[in-house]
Each structure stands twice: as structure tokens, then as C-alpha cells.
Amino acid sequence: IHSLNMEKDQFINLFATVRANIEMNLVKEEEDRYAGINVSPIKVVEMAVNNVNYDVATFKISGMRETKYSEFIQEYKDNYGKKEFNLEGHFERRKEATLERTVDFWLCWKMES
């Protein structure tokens with residue numbers, strides 16, 4: 001990164017969000033795409049390797065297969081507010097269908113003065 005017009009933490013979150021959406025959705029075949037992608041920061045550690053400074057940003061990234069996500073959203077829309085709808089069970093099944101991964105992103109800063 002050579003220049004930045006926003007706070008570094010904000011950029012790191014934006015970068016991770018864009019990268020996760022590219023990797024889990026945009027470059028995948030339709031049947032392999034994920035939706036409901038969420039990116040949560042865990043930590044950022046500064047590190048130097050061969051005299052180059054990096055921030056290693058660790059994120060928890062979650063998402064669900066796009067087809068399954070659509071089914072859950074439709075089920076929620078169709079049944080919310082109905083007495084017989086098991087809302088707790090619905091969200092438990094959503095949680096079980098969600099992929100969670102921990103990912104490190106290495107960012108090198110060469111800010112121009």
C-alpha cells in the first residue's frame with residue numbers, strides 16, 4: 001500500500017471484506033458461491049520480515065452456501081410472526097449451515113511522504 005486516504009484499521013476491514021467476497025463468491029461457480037459473508041477482526045500484529053514491515057491481520061470470516069442462504073431467508077420471510085414458527089430452531093440450523101474460517105491477511109505499508 002503506497003498511500004491511504006482513510007484510517008488504517010478501516011482500510012484493513014474494507015480490504016478483508018472485499019477479499020472475502022471475491023474469494024467466496026465472485027470467482028466461484030454458481031453452485032459453489034457463498035452469501036451472508038461476515039468479516040470480524042480478531043487481531044492485527046505488526047511484524048518485520050527481511051527489513052519489511054507488515055501488519056498481519058487475523059479475521060474470522062463466515063458465510064453460507066448461497067442456495068442454502070436463500071432458502072433460510074425465504075423460510076424466515078414466510079414464517080416470521082407465525083405462532084408455529086420455531087425461530088430459535090431456525091437460527092440454530094442457520095448457524096450449523098454456516099462455514100467459519102480464520103484467515104490471515106498480510107499487508108505491507110510503503111507510505112510515501
Side-chain angles (χ1 to χ4, degrees):
I1 311 298
H2 291 282
S3 66
L4 197 58
N5 291 329
M6 65 176 65
E7 294 294 319
K8 194 160 112 174
D9 289 344
Q10 183 182 6
F11 174 81
I12 291 171
N13 278 310
L14 176 63
F15 175 85
T17 299
V18 170
R19 178 82 183 259
N21 278 276
I22 289 169
E23 291 178 1
M24 296 176 74
N25 187 287
L26 295 174
V27 299
K28 296 285 191 183
E29 296 295 327
E30 189 171 346
E31 65 274 4
D32 294 328
R33 291 183 186 146
Y34 285 80
I37 299 167
N38 290 302
V39 177
S40 302
I42 296 173
K43 65 180 177 178
V44 178
V45 177
E46 294 180 14
M47 186 176 297
V49 178
N50 296 329
N51 296 321
V52 178
N53 293 325
Y54 296 92
D55 279 337
V56 181
T58 304
F59 286 86
K60 180 179 98 173
I61 301 175
S62 62
M64 185 185 308
R65 292 284 184 165
E66 201 171 52
T67 52
K68 195 70 173 165
Y69 183 79
S70 295
E71 291 171 11
F72 279 117
I73 295 300
Q74 193 59 54
E75 176 186 353
Y76 182 84
K77 287 179 179 178
D78 291 345
N79 294 292
Y80 183 74
K82 293 181 179 177
K83 188 189 242 184
E84 66 276 4
F85 184 48
N86 182 348
L87 189 60
E88 187 176 312
H90 170 84
F91 281 106
E92 184 61 35
R93 288 184 293 112
R94 281 176 69 158
K95 183 178 178 183
E96 290 171 6
T98 299
L99 169 72
E100 287 188 0
R101 36 185 231 153
T102 302
V103 179
D104 291 331
F105 296 110
W106 288 62
L107 297 115
C108 177
W109 307 98
K110 293 185 179 186
M111 302 300 232
E112 298 173 355
S113 43

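Predicted, not measured: the structure shown is a model, and the values here were computed from it.
Taken together through direct or relayed side-chain contacts under 4.5 Å among Ile, Leu, Val, Met, Phe, Trp and Tyr, Val56 and Val103 form parts of separate hydrophobic clusters. Follow the hydrophobic side-chain contacts under 4.5 Å out from Val18 and you reach Leu107 in the same cluster. Cluster annotation: Val52 and Leu4 are assigned to distinct hydrophobic clusters (Ile/Leu/Val/Met/Phe/Trp/Tyr, side-chain heavy-atom contacts under 4.5 Å, transitive).
Ring planes of Tyr76 and His90: tilted class, angle from 30 to 60°.
To the nearest 0.5 angstrom, Met47 atom CE is 10.5 Å from Tyr54 atom OH. The CD atom of Glu46 sits 5.0 Å away from the CG atom of Asp55 when rounded to the nearest 0.5 Å. Here Asn13 contributes atom CG and Met6 contributes atom CE; the two are 10.5 Å apart, rounded to the nearest 0.5 Å.
Remark: Asp32 engages Arg65 in a salt bridge (charged side-chain N to carboxylate O under 4.0 Å, His left out) (not counting sequence neighbours). For Lys95, the salt bridge (charged side-chain N to carboxylate O under 4.0 Å, His left out) criterion is met by no residue, not counting sequence neighbours. Residues passing the side chain to side chain contact (heavy atoms under 4.5 Å, CB included) test with Asn53 are Ala48, sequence neighbours excluded. Residues satisfying the side chain to side chain contact (heavy atoms under 4.5 Å, CB included) criterion with Thr17, sequence neighbours excluded, are Asn21, Val39.
Counting all heavy atoms, side chain and backbone alike, Arg93 lies closest to Phe72 at NH1-CE2, 3.5 Å. Of all heavy-atom pairs spanning Met64 and Ala97, the tightest one is CG-O, 3.6 Å. Nearest heavy atom pair, residue Tyr69 against residue Gly36, reads CE1-CA, 3.7 Å.
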Return a table of donor-acceptor pairs under 3.5 angstrom between the side chains of residues 22-29 and protein atoms on other chains or two or more places apart.
{"unit_1": "Glu23", "atom_1": "OE1", "unit_2": "Arg101", "atom_2": "NH2", "d": "3.4"}
{"unit_1": "Glu23", "atom_1": "OE2", "unit_2": "Arg19", "atom_2": "NE", "d": "2.4"}
{"unit_1": "Glu23", "atom_1": "OE2", "unit_2": "Arg19", "atom_2": "NH2", "d": "3.0"}
{"unit_1": "Asn25", "atom_1": "ND2", "unit_2": "Tyr34", "atom_2": "O", "d": "2.7"}
{"unit_1": "Asn25", "atom_1": "ND2", "unit_2": "Glu66", "atom_2": "OE2", "d": "3.3"}

Donor-acceptor contacts, no H, no angles, side chain residues 79-88, under 3.5 Å, sequence neighbours left out:
{"unit_1": "Asn79", "atom_1": "ND2", "unit_2": "Glu75", "atom_2": "O", "d": "2.9"}
{"unit_1": "Lys82", "atom_1": "NZ", "unit_2": "Asp78", "atom_2": "O", "d": "3.0"}
{"unit_1": "Asn86", "atom_1": "OD1", "unit_2": "Glu88", "atom_2": "N", "d": "3.3"}
{"unit_1": "Asn86", "atom_1": "OD1", "unit_2": "Gly89", "atom_2": "N", "d": "2.7"}

Check: When you look at Phe105 and Ile12, which way does the side-chain contact (heavy atoms from CB on, under 4.5 Å) test go after all the steps?
Finding: CA-CA 9 Å; Phe105 296 110; Ile12 291 171; over 6 Å; no

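Around CD of Glu30, the count of heavy atoms belonging to other residues, nucleotides or ligands within 6.0 Å does not exceed 12.
Using a 4.0 Å cut-off between charged side-chain N and carboxylate O, Lys68 and Glu71 make a salt bridge.
At least one side-chain heavy atom of Arg94 sits less than 4.5 Å from a side-chain heavy atom of Phe91.
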